[in-house]
There are 2 protein chains.
Amino acid sequence: MSLTVVGSIAFDAVQTETGKRDRLLGGSAVHFSLASSFFADTRVVGPVGDDFGDEEYAALHSRGVITDDIEHVPGGKTFFWAGRYERDVNLRHTLQTDLNVFEHFQPKLSEDAKRADTLFLANIQPELQRSVRDSSQAQFAALDSMNFWLESARESLEAAIADVDCLIVNDSEAKQLTDEPNLVRAAQKIMEMGPRVVVVKFGEYGANMYTADGVFGIPAYPTADVVDPTGAGDTFAGGFVGYVAAHADEEITDELLRRAMAYGTALASFNVEAFGTERMQTLTAEEVNDRVAELQRVTVFDASPVPLRG
Amino acid sequence: MSLTVVGSIAFDAVQTETGKRDRLLGGSAVHFSLASSFFADTRVVGPVGDDFGDEEYAALHSRGVITDDIEHVPGGKTFFWAGRYERDVNLRHTLQTDLNVFEHFQPKLSEDAKRADTLFLANIQPELQRSVRDSSQAQFAALDSMNFWLESARESLEAAIADVDCLIVNDSEAKQLTDEPNLVRAAQKIMEMGPRVVVVKFGEYGANMYTADGVFGIPAYPTADVVDPTGAGDTFAGGFVGYVAAHADEEITDELLRRAMAYGTALASFNVEAFGTERMQTLTAEEVNDRVAELQRVTVFDASPVPLRG
């Protein structure tokens, strides 16, 4: 029941129509691990600079995240991202990206990190994702990527995807990766590349999962108050992959993966309720289970056949 | 168990990447009625020209659609629309729109059409929707509209919406109508305008329904072969409103409306499998019920709480 995540650790500055924050704990590995920590011991592998201090470590430790594999680069600065969301939070503008210590990040996994039975490769350079996958003994590995690598390193990305059990992408990325506008066909093509589980995220509309057993669709949890969507996708992945990690001693059935999708969806819905990781840091196990139950109430219907006029 | 639909009756010319048709039976009232005919006696109110002949009437009669209220305008031509879909069928280009007899359409409801206990107002000029609603005795009325009327006749449209029980719109229309980018808030604002049921369609991602009881979300049925999406929204509405009409003697509960959403989703998924109304004309009751059952298999998950690390 152990999980390693490799990705970015960041400070984010976020502006929305209703507020702003200058320095939020962020980054894909952070958002992921705060969610996955509800399910499994999670080790974070990623680089930080001198500006990453006790307060940030404490935020991770408070959720039991293992930080032994966080690499401190002396004299360096932590990855910094600044962005602005419009009133329609689907519209995001990047204002500043300083890669800093992330620019030359070469992940080095400790023996404990290698031994984790589940692995998540957040969005980093695909060759690095491959080398981490090679050194990991995980029996289930999932990978996230983004359009940028499709355009600049397609071959490497395709090779990285071939090495994992599960790909988690946005719908536009799934379509671009496969040059296939139909999602069912796009997912089929991705499965032919290697992964046996394909998760396609639709943002405010929900997500689909494709396996050999068929398609699973789940709507997003309906939230009236979206404060800051930053990290929603990584939080979703943390809930989904975390759930799988918690059941690493079981067969990974479609039923198990569907529950994982529900937990990912529930956790993502909390993440957007406040800036950065603020909501995740006060979240309780009971709230998570309650939201999964609510999510089921959102989706349930009676499908017994009715008399129809043929 | 009777239903009146007021809307367009058309000939469509459709081009896709894989084929084309020069003259398909189409129009909102036609697509709607072919779906609703599985549930309730459906009367179509709309205008046609001299070019609308026995073959077209036969297509409607074969599904039991009542055509007594179709208005034949002597010397006129039937509404004609030509469009082209890209390989990504979400991208549609209108090539030609000839309103013809639809341009000066003034709906006149027969006594039987007025007495129907359910009414669907397809996308026509909002003042006409209002006058039809006024003359109808329906206990449940639903309305569809589009961005065009929002821009050109917002006041009339708001008045028409206030007069109905249910609004069925696309997500962009819901957001534009309410100037509210968050869908939960947009639906809340629409309910404050009058309707107690708000259905928001997301195309390939599915649809949500909002009522006082909460939110229901359903994904689209996953279809690998989308041939022609023309009329999918009206077919969805026909399944949804048709289901409500079939149960007009019952209390309209959330559970009933959720089943209606499932039937609308199932019927829309058939409509896109062939050009125009071709698939709907061979569809059987058993296929419809089977697809609703499949749709449930797509959406079901176990939500029993699991032990989490608080």
Side-chain angles (χ1 to χ4, degrees), chain A residues 37-40 63-64 86-91 171 175 181-185 188 202 204-206 208 210 214-220 222-226 243 246 255 258-259 261-263 284-286 288-290 292-293 295-310, chain B residues 37-40 63-64 86-91 171 175 181-185 188 202 204-206 208 210 214-220 222-226 243 246 255 258-259 261-263 284-286 288-290 292-293 295-310:
Chain A
S37 65
F38 279 94
F39 306 93
R63 285 258 6 117
E86 295 191 18
R87 180 160 166 262
D88 178 351
V89 292
N90 297 302
L91 303 171
D171 62 326
K175 291 173 180 181
N182 178 283
L183 281 168
V184 177
R185 289 174 179 273
Q188 189 60 47
F202 309 139
E204 66 181 322
Y205 307 122
N208 275 6
Y210 306 83
V215 185
F216 173 65
I218 190 165
T223 305
D225 298 293
V226 178
Y243 189 92
E255 194 191 340
R258 286 171 176 230
R259 289 167 63 94
M261 290 284 288
Y263 276 91
T284 67
E286 193 183 356
V288 176
N289 274 325
D290 284 354
V292 169
L295 199 49
Q296 191 174 57
R297 282 193 288 277
V298 166
T299 60
V300 74
F301 64 94
D302 175 6
S304 9
V306 294
L308 295 175
R309 304 171 181 212
Chain B
S37 64
F38 279 93
F39 306 93
R63 286 256 7 113
E86 294 191 18
R87 181 160 166 262
D88 178 352
V89 291
N90 297 301
L91 303 172
D171 61 325
K175 291 173 179 182
N182 177 284
L183 280 168
V184 177
R185 289 173 179 275
Q188 189 59 47
F202 309 140
E204 65 180 324
Y205 307 122
N208 275 6
Y210 305 83
V215 185
F216 173 65
I218 190 164
T223 305
D225 298 293
V226 178
Y243 190 93
E255 194 193 339
R258 285 172 177 230
R259 291 167 63 95
M261 288 285 285
Y263 277 92
T284 68
E286 193 183 358
V288 176
N289 274 325
D290 284 353
V292 169
L295 198 51
Q296 190 174 59
R297 282 193 289 276
V298 166
T299 61
V300 74
F301 63 94
D302 175 8
S304 11
V306 294
L308 295 175
R309 303 170 182 212

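Heavy-atom basis, side chains included; hydrogens, waters and symmetry copies ignored. By convention in this document, chain letters (A, B, ...) are assigned in the order of the sequence lines, proteins followed by strands, and residues within each chain are numbered from 1.
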A:I218 to B:F301 - nearest heavy-atom pair and separation = CD1-CE2, 3.9 Å
Please name the pair of heavy atoms, one in A:A303 and one in B:A293, separated by the smallest distance, quoted to 0.1 Å.
-> CB-CA, 4.3 Å
What part of [X] gets closer than 4.5 Å to chain B, counting heavy atoms only: side chain, backbone, both or neither?
{"X": "A:Y210", "answer": "neither"}
{"X": "A:S304", "answer": "both"}
{"X": "A:D290", "answer": "neither"}
{"X": "A:S37", "answer": "backbone"}

Flag, side chain of [X] to backbone of [Y], donor-acceptor distance under 3.5 Å:
{"X": "B:R63", "Y": "A:G310", "answer": "yes"}
{"X": "A:R185", "Y": "B:A224", "answer": "yes"}
{"X": "A:R258", "Y": "B:D302", "answer": "no"}
{"X": "B:N182", "Y": "A:T223", "answer": "yes"}

Taking NZ, NE, NH1 and NH2 as the nitrogens, is one of them in B:E204 or A:K175 under 4.0 Å from a carboxylate oxygen of the other?
-> yes
Quick one: which of A:D88, A:V298, A:V184 has the most heavy-atom pairs under 4.5 Å with chain B, could you say?
-> A:V298
Assert top hit (heavy-atom pairs under 4.5 Å, partner chain B, pool A:L91, A:N90, A:T284, A:D225) equals A:D225
Say you draw a straight line from CZ of A:R309 to CZ of B:F38; how long is it, rounded to the nearest 0.5 Å?
-> 11.5 Å
Sequence neighbours excluded, which residues qualify as ring-ring contact (aromatic ring centres under 6.0 Å, His included) partners of B:Y205?
-> A:F202, A:Y205
For B:Q296, is it the side chain, the backbone, both or neither that has a heavy atom under 4.5 Å from a heavy atom of chain A?
-> both
Under 4.5 Å heavy-atom distance to chain A, tell me which part of B:V89 shows up: side chain, backbone, both or neither.
-> neither
Take atom CD in A:E286; do more than 12 heavy atoms of anything else shown fall under 6.0 Å from it?
-> no
Report, as yes or no, whether the 6.0 Å neighbourhood of atom CD on A:E86 holds more than 12 heavy atoms from other residues, nucleotides or ligands.
-> yes
Side chain to side chain contact (heavy atoms under 4.5 Å, CB included) between A:V306 and B:N289: does it pass, once the steps are laid out?
-> CA-CA 7 Å; A:V306 294; B:N289 274 325; 4.0 Å; yes
Pair A:V300-B:F216, side chain to side chain contact (heavy atoms under 4.5 Å, CB included): steps then yes or no | CA-CA 8 Å; A:V300 74; B:F216 173 65; over 6 Å; no
Return the option, out of B:V226, B:T299, B:L183, with the maximum number of heavy-atom pairs under 4.5 Å with chain A.
-> B:T299
